[in-house]
Amino acid sequence: MPVTTNLHLTDNALVVIEKRYLKKDREGRVIETPEEMFHRVAKNIASADLIYNPKAIASAAEEEFYEIMTNMEFLPNSPTLMNAGRELQQLAACFVLPIDDSLDSIFEAVKDTAIIHQSGGGTGFSFSRLRPKNDRVSTTSGVASGPVSFMKVFNTATEVIKQGGARRGANMGILRVDHPDILEFIRAKEEPREFTNFNLSVGITDEFMNACESNSEYNLINPRNNKIAGILKASDIFDAIVDAAWRNGEPGVIFLDTINRANPTPHLGMIEATNPCGEQPLLPYESCNLGSINLTRMLKEKNNGYEIDYSRLERTIKIAVHFLDNVIDVNRYPLPQIERLTKGNRKIGLGVMGFADMLLLLNIPYDSQNALNIGEGLMKFISEKAKEGSMELAEERGDFPNYKGSIYDKSGIAMRNATATTIAPTGTLSIIANCSSGIEPLYGITYTRKILDDVELRIVNPYFEEAARKKGFYSKKLIDSIKAFGSIREMPDVPDDVKSLFVTAHDIKPEGHVRMQAVFQKYTDNAVSKTVNFHEDAEKGDVEKVFLLAYRLGCKGVTVYRSGSRERQVLSCRNNVQYC
């Protein structure tokens, strides 16, 4: 059936929903409308209320869930929209799987990865437990091939599985900076056709950063026996990371000690890895479901402008926390180990999208101190209210089962969810909601976005078009000119006040990106997905400054990207193409 809807969805949103989320028959024909999709999801998630109270009126929660989704106030992660109320019923986006130093563990993880990818989830791994290349293997009297060689097996498996699903499988590969094979890992993506289904990040420790600062050496540790396997100068390795990131955007870095200082359940072990986009640190065999509030819907009119509607925001937060907690109970988990740990910790990740658009409506430039202040205050409010919502659920349903020994146990605070907040990238969700993605600035005023390589969507920022028409400088010629450049900074036909407001990613100094990430991280339980964009002519020293600033400001990781440094890139001003 053709997609018809009474919702206020853009043409681009309808294309995305039809391609990725709506039910189809065996011939691939759409057999569901967007309204029916949201009803399906709302009813399925609301049914969890009956687990805790058989006399509950689940239809009341269903109505609230349907309302905030169809009003585009809140959307859950893609697997929930795809699978809730359907046969698969796998609703989580983020997974971390363990890889221990044995062939059994490695290939068990490959199998588990395939199952997760087939269900719409993404996987993260630490390869740090694998013995280094050329280390001895006593059982065969041979030598080990090392972590990087086994990463190729995972990459190939993902390449095969992604062809059958509604979205691509994705992986995060992490190696500790003190692993003997760290240089091979850092250089793994020098060949652009290698590891195309992986994001790579180096696991950085405080010890390593201190050694960089003091220009001293640090030890490499063989994970097979925990003995010193070599000594390297920290600054040489840091320079190699910077060089690789400058050349093609990878590896990123994650700060392991910073992450584990915020680990809510340290009694269960250390966090070694994150999901593919880096915003969700997880224990081995743990998953998390995410959802995002559309900040453009959290405003109210005032004096011919807008202000944040904190009352509406609080209501949306509380309903969203209820929604995400319910997801944990109705989810069908791909592995029993994942079900046990996920239900034991009950982590959720409530975040935001549309932040850049919200600033536009508030008439605040993204690259201003005022924007940083707004971001920090906003995330503090969201964190406080999300935790209040979790505490209220704990009163009704009990604390998360692994509460004893957690950070909340030590402070005596009731809590339903070990974590409550995450800032995710919201790729296709932001298209559905017709807003900017996550907390990213506008990448361009207009560009083309590709969905699964075969559908092109033309994106024009609606607030710029509205401003241009209102101020009388709109023309098709202007829009065509912007398509060629992305930014409006050098366009004489655009008024200066509009130029200063509609800043794009490359107009913002790299340290401005990091500072925005840091103010959100300050009040985010998990982590923040954010890319620091560089101009093509940026120098390696600029990347180095970003890494150091991110560590100093308490970010849990950072990703950089220099425009033009890959043949095919996620976002491009030159070709105005964004791949998804």
Side-chain angles (χ1 to χ4, degrees), residues 77 92-96 121-126 170-174 176 199-206 209 250-266 269-284 286-293 324 342 345 347-353 355 375-376 378-380 382-383 386-387 407 417-427 429 437-440 513-532 546-547 549-561:
N77 54 209
C94 309
F95 297 80
V96 162
T123 44
F125 318 89
S126 171
N171 301 300
M172 170 66 85
I174 291 170
R176 284 178 61 98
N199 294 326
L200 302 182
S201 286
V202 176
I204 301 288
T205 62
D206 287 347
M209 294 304 292
E250 291 190 73
V253 295
I254 66 163
F255 301 115
L256 291 172
D257 292 314
T258 303
I259 286 172
N260 278 291
R261 277 191 287 272
N263 181 358
T265 57
M270 303 289 280
I271 294 172
E272 301 175 335
T274 74
N275 73 318
C277 291
E279 77 272 15
Q280 192 61 53
L282 294 167
L283 294 165
E286 194 172 26
S287 70
C288 187
N289 70 92
L290 312 179
S292 299
I293 292 172
L324 295 174
T342 302
N345 290 340
K347 288 181 179 176
I348 61 172
L350 178 62
V352 300
M353 56 184 167
F355 177 66
E376 181 170 350
L378 186 70
M379 199 62 214
K380 182 181 180 183
I382 292 170
S383 176
K387 283 186 165 54
I407 58 173
N417 313 98
T419 65
T421 49
T422 301
I423 302 295
T426 69
L429 295 186
S437 60
I439 63 163
E440 298 286 0
H513 285 276
V514 178
R515 293 187 188 281
M516 187 62 78
Q517 179 177 341
V519 298
F520 274 89
Q521 183 62 77
K522 187 175 179 180
Y523 294 104
T524 301
D525 294 337
N526 293 302
V528 176
S529 176
K530 177 83 181 68
T531 300
V532 178
V546 160
F547 284 169
L549 181 62
Y551 177 70
R552 191 171 74 246
L553 294 181
C555 296
K556 293 182 179 177
V558 66
T559 302
V560 303
Y561 188 73

Residues that K530 engages under salt bridge (charged side-chain N to carboxylate O under 4.0 Å, His left out), provided they are two or more places apart
E440
Partner residues of T419 under the side-chain hydrogen bond (donor to acceptor under 3.5 Å, both in side chains) criterion, sequence neighbours left out
N526
Separation of K347 NZ from T265 OG1 (nearest 0.5 Å):
5.0 Å
Under the ring pair (Phe, Tyr, Trp, His ring centres under 6.0 Å) test, which residues partner F520, sequence neighbours left out?
F355
With a 4.5 Å limit on heavy-atom distance, are the side chains of V519 and M379 in contact?
no
Do N199 and E250 touch side chain to side chain, with heavy atoms closer than 4.5 Å?
yes
Nearest heavy atoms of P264 and A418, plus distance in Å
CB-O, 3.5 Å
List for me each residue that meets side-chain contact (heavy atoms from CB on, under 4.5 Å) alongside P251, sequence neighbours excluded, and say none if there are none.
I186, L200, V202, I241, A244
Between OG1 on residue T559 and CD on residue Q517, distance to nearest 0.5 Å
7.5 Å
Output yes when a side-chain donor or acceptor of T123 lies under 3.5 Å from a complementary backbone atom of F95, and no otherwise.
no
Closest heavy-atom pair, S126 versus A273, reported as atoms and distance to 0.1 Å, is N-CB, 3.8 Å
Tell me, please, which residues at least two apart from E272 pass side-chain hydrogen bond (donor to acceptor under 3.5 Å, both in side chains).
R129
Could you report the tightest heavy-atom contact between L324 and N289, atom names first, then the distance?
CD2-OD1, 3.1 Å
As a test of understanding, state which of T421, L290, N417 forms a side chain to side chain contact (heavy atoms under 4.5 Å, CB included) with I348.
N417
Apply side-chain hydrogen bond (donor to acceptor under 3.5 Å, both in side chains) to T258 and list each qualifying residue two or more places apart in sequence or on a separate chain.
R261
For D206, does its backbone N or O pair with a side-chain atom of D257 as donor and acceptor, under 3.5 Å?
yes
Sorted by chain and number, sequence neighbours left out, side-chain hydrogen bond (donor to acceptor under 3.5 Å, both in side chains) with N345 holds for E286, N402
I need the minimum non-hydrogen distance between A92 and C288, along with the two atoms involved.
CB-O, 3.7 Å
For K522, give me all partners under side-chain contact (heavy atoms from CB on, under 4.5 Å), at least two apart in sequence or on another chain.
E376
Would you check, one step at a time, whether the test side chain to side chain contact (heavy atoms under 4.5 Å, CB included) holds for T205 with R176?
CA-CA 8 Å; T205 62; R176 284 178 61 98; 3.5 Å; yes
Taken to the nearest 0.5 Å, the spacing of L282 CG from N275 CG works out to 6.5 Å
Atom pair CD1/CD1 of I423 and I439 - distance to nearest 0.5 Å:
6.0 Å
Would you confirm whether T342, through its side chain, and S287, through its main-chain N or O, come within 3.5 Å as a donor-acceptor pair?
yes
Partner residues of A518 under the side-chain contact (heavy atoms from CB on, under 4.5 Å) criterion, sequence neighbours left out
L553, C555
Using modelled atom types and a 3.5 Å cut-off, is there a donor and acceptor pairing between side-chain atoms of Q280 and backbone atoms of A424?
no
Just jot down the salt bridge (charged side-chain N to carboxylate O under 4.0 Å, His left out) partners of R515, sequence neighbours excluded, or say none.
none
Taking side-chain contact (heavy atoms from CB on, under 4.5 Å) as the test, write out the residues that go with S201, two or more places apart.
M172, I174, I254
Rounded distance [0.5 Å steps], CG in L350 versus OG in S292:
7.0 Å
Partners passing ring pair (Phe, Tyr, Trp, His ring centres under 6.0 Å) against Y551 (at least two apart in sequence or in another chain)
F255
What's the separation between atom CG in N263 and atom CG in D525, rounded to the nearest 0.5 Å?
11.5 Å
